[in-house]
Colleague: 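Just dropping this structure here.
When reading the values below, keep in mind they use all heavy atoms of this one structure, side chains included, and skip hydrogens, waters and symmetry mates. When a residue number appears, it is its place in the shown sequence, counting from 1.
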Amino acid sequence: MAYKSTRGTVKDFPGFKANEDAEALRKAMKGLGTDEETIFKLLTSRSNAQRQETAAAFKTLFGRDLVDDLKSELTGKFEKLIVGMMTPASLYDAHELRNAIKGAGTCENVLTEILASRSTDEVNRIKQVYKKEYECELEDSITGDTSGYFQRMLVVLVQANRDPDSKVNDSIVEKDAQDLFKAGEMKWGTDEEKFITILGTRSIAHLRKVFDKYMTISGYQIEESIDRETSGHLEKLLLAIVKCVRSVPGYFAETLYNAIKGAGTDDCTLIRVMVSRSEIDLLDIRHEFRKHFGKSLHQAIKGDTSGDYRNTLLLLCAGDDE
């Protein structure tokens with residue numbers, strides 16, 4: 001989405017010194033036992049770029065790989081969270097997509113979440129990193145492992161050719177809304193292709209106007225029509241795109257709520273969203289979470305996690321909105 005923000009909870013640490021951080025981390029992991037608290041307090045108070053500098057200093061000073069050391073000292077969800085925080089953003093997304101595609105069974109939710117929510121610039125960077133890392137195109141990996149209209153919608157998103165936000169043509173707004181209405185509500189069977197083209201290529205500002213016009217024409221929110229007219233992975237993807245067009249933080253607040261609510265926690269999603277949004281819009285996500293779900297994100301995480309894992313997540317959350 002065309003969404004630039006510095007509404008993150010994690011910022012550059014003023015007075016940062018990579019060598020000092022590297023030494024503190026080495027000390028925390030050296031000898032018997034690990035000082036987990038030093039590790040998570042230090043890393044959550046540094047930006048991703050600063051963590052990369054610390055990793056470089058760590059190698060220079062000790063001839064050791066910081067991430068490998070962290071992996072060998074930490075375990076479980078806490079390890080996964082810390083390693084995620086140590087990974088540059090585009091590489092982190094590339095890893096998550098790769099694991100979603102190449103793991104046992106495709107994890108469509110991960111493909112949906114990442115590709116529906118990232119800006120065109122972000123998608124282009126992910127594609128470059130993915131190719132360098134795995135020596136194949138992201139698009140080919142996706143088409144090899146998905147099918148039908150779900151696959152086609154993903155392929156359109158991977159092209160990252162969405163119109164820039166300056167482009168809103170009112171006469172096309174009207175036509176797009178009519179086309180979506182005709183493609184869904186007015187005919188037997190749904191013309192998925194119209195949904196794919198319009199939702200995948202029009203600018204965010206344009207689509208917001210289309211959704212308003214759609215409501216005027218049909219009397220329904222576009223989400224209601226998608227819900228009725230489509231199903232399965234395609235439905236979830238189209239809804240994710242619509243939600244991200246309306247509000248990226250709103251989409252992630254709902255994603256976090258679904259990851260936490262009910263029996264058992266979807267820790268993979270909780271980790272991925274907290275890590276990947278911590279420097280972008282986590283403050284806005286917190287605001288949306290409180291507004292829509294009647295409690296703060298801080299309280300939701302606190303009630304559903306434990307130990308060093310919980311403490312690290314709460315430091316990333318960086319405040320309680322109760």
Colleague: Report the distance from atom CZ of Arg7 to atom OG1 of Thr9, rounding to the nearest 0.5 Å.
Modeller: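 Rounded to the nearest 0.5 Å, the CZ-OG1 separation comes out at 10.5 Å.
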Colleague: Answer yes or no: is there an ion pair linking Glu23 with Arg26, defined by an N-O contact shorter than 4.0 Å?
Modeller: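 Salt bridge absent between Glu23 and Arg26.
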Colleague: My understanding is that a hydrophobic cluster links ILVMFWY residues whose side chain heavy atoms are under 4.5 Å apart, including indirect links. Using that, what else belongs to the cluster containing Phe16?
Modeller: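 Members alongside Phe16: Phe13.
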Colleague: Determine, stepwise, if the pair Arg277 / Asp284 fulfils salt bridge (charged side-chain N to carboxylate O under 4.0 Å, His left out).
Modeller: CA-CA 10 Å; Arg277 308 315 290 183; Asp284 296 327; over 6 Å; no
Colleague: I'd like to know if Lys209 and Asp170 make a salt bridge, using a cut-off of under 4.0 Å between side-chain N and carboxylate O.
Modeller: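 Salt bridge: yes.
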Colleague: When you measure from the side chain of Gln159 to the backbone of Val155, do you find a donor-acceptor pair of N or O atoms at a distance under 3.5 Å?
Modeller: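 Yes, the answer is positive, given that a donor and an acceptor are paired below the 3.5 Å cut-off.
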Colleague: List the atom of Val110, the atom of Ala100, and the distance in Å for their closest heavy-atom pair.
Modeller: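 Nearest heavy atoms, Val110 then Ala100: CB-CB, 3.7 Å.
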Colleague: So Glu37 and Asp308, side-chain contact (heavy atoms from CB on, under 4.5 Å) or not? Walk me through it.
Modeller: CA-CA 7 Å; Glu37 191 170 346; Asp308 295 322; 5.8 Å; no
Colleague: Starting from Ile260, can I reach Leu313 by hopping between I/L/V/M/F/W/Y residues whose side chains sit under 4.5 Å apart?
Modeller: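 Yes, same cluster.
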Colleague: Under the 3.5 angstrom rule, does the side chain of Gln299 hit a backbone N or O of Ser296 as a donor-acceptor pair?
Modeller: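 No, Gln299 side chain to Ser296 backbone: no donor-acceptor pair under 3.5 Å.
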Colleague: State, with a plain yes or no, whether a side-chain heavy atom of Asp93 is found less than 4.5 Å away from one of Tyr130.
Modeller: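 Heavy-atom side-chain distance check fails, nothing below 4.5 Å.
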Colleague: Please walk me through it: do Ile222 and Met215 pass side-chain contact (heavy atoms from CB on, under 4.5 Å)?
Modeller: CA-CA 7 Å; Ile222 185 106; Met215 179 76 189; over 6 Å; no
Colleague: What is the minimum heavy-atom distance between Ser247 and Glu288, and which atoms define it?
Modeller: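 For Ser247 and Glu288, the tightest heavy-atom pair comes out as OG-CD, 4.4 Å.
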Colleague: Do the side chains of Arg290 and Leu297 get nearer than 4.5 Å, heavy atoms only?
Modeller: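 No; the side chains remain at least 4.5 Å from each other.
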Colleague: Looking only at atom types and distance, does a side-chain atom of Asp227 sit under 3.5 Å from a main-chain N or O of Glu223, one as donor and one as acceptor?
Modeller: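 Here the side-chain-to-backbone pair does not exist.
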Colleague: Linking I/L/V/M/F/W/Y whenever their side-chain heavy atoms sit closer than 4.5 Å, directly or via other members, would Ile172 and Leu207 fall into one cluster?
Modeller: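 No; Leu207 is not reachable from Ile172 via cluster members.
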Colleague: Can you give me the closest heavy-atom contact between Ala24 and Thr38, atom names plus distance?
Modeller: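 Result for this residue pair: O-CG2, 4.2 Å.
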Colleague: Between the main-chain N or O of Gly8 and the side-chain N or O of Glu279, is there a donor-acceptor pair closer than 3.5 Å?
Modeller: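 Here the side-chain-to-backbone pair does not exist.
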Colleague: Would a 4.5 Å heavy-atom cut-off, applied to side chains only, mark Met29 and Arg64 as touching?
Modeller: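 A side-chain contact under 4.5 Å is absent here.
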Colleague: Taking atom CD of Glu135 as the centre, report whether more than 12 heavy atoms of other residues, nucleotides or ligands fall under 6.0 Å from it.
Modeller: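 Check fails, neighbour count at 12 or below.
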Colleague: Atom CD in Glu96, atom OG1 in Thr269: separation rounded to 0.5 Å?
Modeller: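 If we round to the nearest 0.5 Å, Glu96:CD and Thr269:OG1 are 8.5 Å apart.
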Colleague: Say you draw a straight line from CG of Asp212 to CD1 of Ile217; how long is it, rounded to the nearest 0.5 Å?
Modeller: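 Between Asp212 CG and Ile217 CD1, I get 11.0 Å after rounding to 0.5 Å.
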Colleague: I would like to know whether Leu74 and Leu81 meet side-chain contact (heavy atoms from CB on, under 4.5 Å); could you show each step before the answer?
Modeller: CA-CA 10 Å; Leu74 312 176; Leu81 175 56; over 6 Å; no
Colleague: Say you draw a straight line from NZ of Lys295 to CZ of Phe289; how long is it, rounded to the nearest 0.5 Å?
Modeller: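 Here the rounded value is 6.5 Å.
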Colleague: Does the side chain of Ser141 reach to within under 4.5 Å of the side chain of Tyr134, using non-hydrogen atoms?
Modeller: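 No; the side chains remain at least 4.5 Å from each other.
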Colleague: Side chains of Asn169 and Ser171 only: does a donor on one sit below 3.5 Å from an acceptor on the other?
Modeller: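 Indeed, the side chains of Asn169 and Ser171 share at least one donor-acceptor pair under 3.5 Å.
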Colleague: Which other residues end up in the same hydrophobic cluster as Val129, if Ile, Leu, Val, Met, Phe, Trp and Tyr are linked when side-chain heavy atoms come under 4.5 Å apart?
Modeller: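 Under the 4.5 Å side-chain rule, Val129 groups with Leu91.
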Colleague: Side chains of Tyr92 and Asn48: is there a donor and an acceptor less than 3.5 Å apart?
Modeller: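 Checked: Tyr92/Asn48 side chains show no N/O donor-acceptor pair below 3.5 Å.
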Colleague: Using 4.0 Å as the upper bound for N to carboxylate O, is an ion pair formed by Asp179 and Lys175?
Modeller: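 Between Asp179 and Lys175 there is a salt bridge, with a charged N closer than 4.0 Å to a carboxylate O.
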Colleague: Could you tell me whether a side-chain N or O of Thr197 sits under 3.5 Å from a main-chain N or O of Lys194, the two making a donor and an acceptor?
Modeller: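 It does not hold such a pair.
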Colleague: Provide the closest heavy-atom pair for Ala28 versus Ile39 in the form atom of the first, atom of the second, distance.
Modeller: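 Nearest pair, atom of Ala28 first, then Ile39: CB-CG1, 4.0 Å.
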Colleague: Start with the C-alpha distance between Thr230 and Tyr149, add both sets of side-chain angles, then the distance that settles side chain to side chain donor-acceptor pair (under 3.5 Å), and finish with yes or no.
Modeller: CA-CA 10 Å; Thr230 60; Tyr149 289 113; over 6 Å; no
Colleague: With no hydrogens and no angle check, is any side-chain donor or acceptor of Arg51 less than 3.5 Å from a backbone partner on Met85?
Modeller: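 Present.
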Colleague: So how far is it from Ile241 CD1 to Met153 CE, rounded to the nearest 0.5 Å?
Modeller: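 If we round to the nearest 0.5 Å, Ile241:CD1 and Met153:CE are 3.5 Å apart.
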Colleague: Take the angle between the ring planes of Phe293 and Tyr257 and call it parallel below 30°, perpendicular above 60°, tilted in between.
Modeller: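 Parallel.
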Colleague: Does Phe62 have more than 12 heavy atoms from other residues, nucleotides or ligands lying within 6.0 Å of its CZ?
Modeller: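 Counting neighbours around CZ of Phe62, more than 12 heavy atoms of other residues, nucleotides or ligands fall under 6.0 Å, so yes.
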Colleague: Any side-chain heavy atom of Glu79 within less than 4.5 Å of one from Glu73?
Modeller: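 In short, these two side chains do not touch, never coming nearer than 4.5 Å.
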Colleague: Report yes or no: do Phe252 and Leu283 belong to one cluster of Ile/Leu/Val/Met/Phe/Trp/Tyr joined by side chain heavy-atom distances under 4.5 Å?
Modeller: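 No, Phe252 and Leu283 fall in different hydrophobic clusters.
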Colleague: Using side-chain heavy atoms (C-beta onward) and a distance below 4.5 Å, is Leu256 in contact with Met274?
Modeller: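 Yes, at least one pair of side-chain atoms sits under 4.5 Å.
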Colleague: What heavy-atom pair brings Gly84 and Val275 nearest, and what distance separates the two atoms?
Modeller: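 In terms of heavy atoms, the two residues are closest at O-CG1, 3.6 Å.
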Colleague: Output yes when a side-chain donor or acceptor of Gln50 lies under 3.5 Å from a complementary backbone atom of Asp12, and no otherwise.
Modeller: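 Answer holds: no.
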Colleague: Could you state the interatomic distance from CG (Asp266) to CD1 (Ile271), rounded to the nearest 0.5 Å?
Modeller: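 Nearest 0.5 Å value for the CG-CD1 distance: 9.5 Å.
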Colleague: Would the distance check show the side chain of Arg162 and the main-chain N or O of Ile204 forming a donor-acceptor pair, the cut-off being under 3.5 Å?
Modeller: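 No; judged by distance alone, with no hydrogens or angles, the pair does not exist.
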Colleague: Measuring only between side-chain heavy atoms, which start at C-beta, is Val173 closer than 4.5 Å to His206?
Modeller: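 In short, these two side chains touch, coming nearer than 4.5 Å.
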Colleague: Which heavy atom of Ala57 sits nearest a heavy atom of Asn19, and at what distance?
Modeller: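 Minimum heavy-atom contact is CB-OD1, 3.4 Å.
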Colleague: Check this for me: does any side-chain nitrogen of one of Arg98 and Glu133 sit under 4.0 Å from a carboxylate oxygen of the other?
Modeller: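 Between Glu133 and Arg98 there is no salt bridge, as every charged N stays at least 4.0 Å from the carboxylate O atoms.
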Colleague: Does Lys236 come within less than 4.0 Å of Glu108, counting only side-chain N to carboxylate O?
Modeller: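 Not counted as a salt bridge, because no side-chain N and carboxylate O are separated by less than 4.0 Å.
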Colleague: Excluding sequence neighbours, so at least two apart, what forms salt bridge (Lys or Arg N to Asp or Glu O under 4.0 Å) with Arg286?
Modeller: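 Applying salt bridge (Lys or Arg N to Asp or Glu O under 4.0 Å) to Arg286 gives Asp321.
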Colleague: Do Leu66 and Met86 have side chains that get closer than 4.5 Å, going by heavy atoms?
Modeller: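 Of all side-chain heavy-atom pairs linking Met86 with Leu66, at least one is under 4.5 Å.
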Colleague: Among Arg202, Lys213, Arg208, which residue satisfies the salt bridge (charged side-chain N to carboxylate O under 4.0 Å, His left out) criterion with Asp176?
Modeller: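 Single pass found, and it is Arg202.
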Colleague: Step by step, work out the side-chain contact (heavy atoms from CB on, under 4.5 Å) result for Asn161 and Thr120.
Modeller: CA-CA 7 Å; Asn161 278 331; Thr120 51; over 6 Å; no
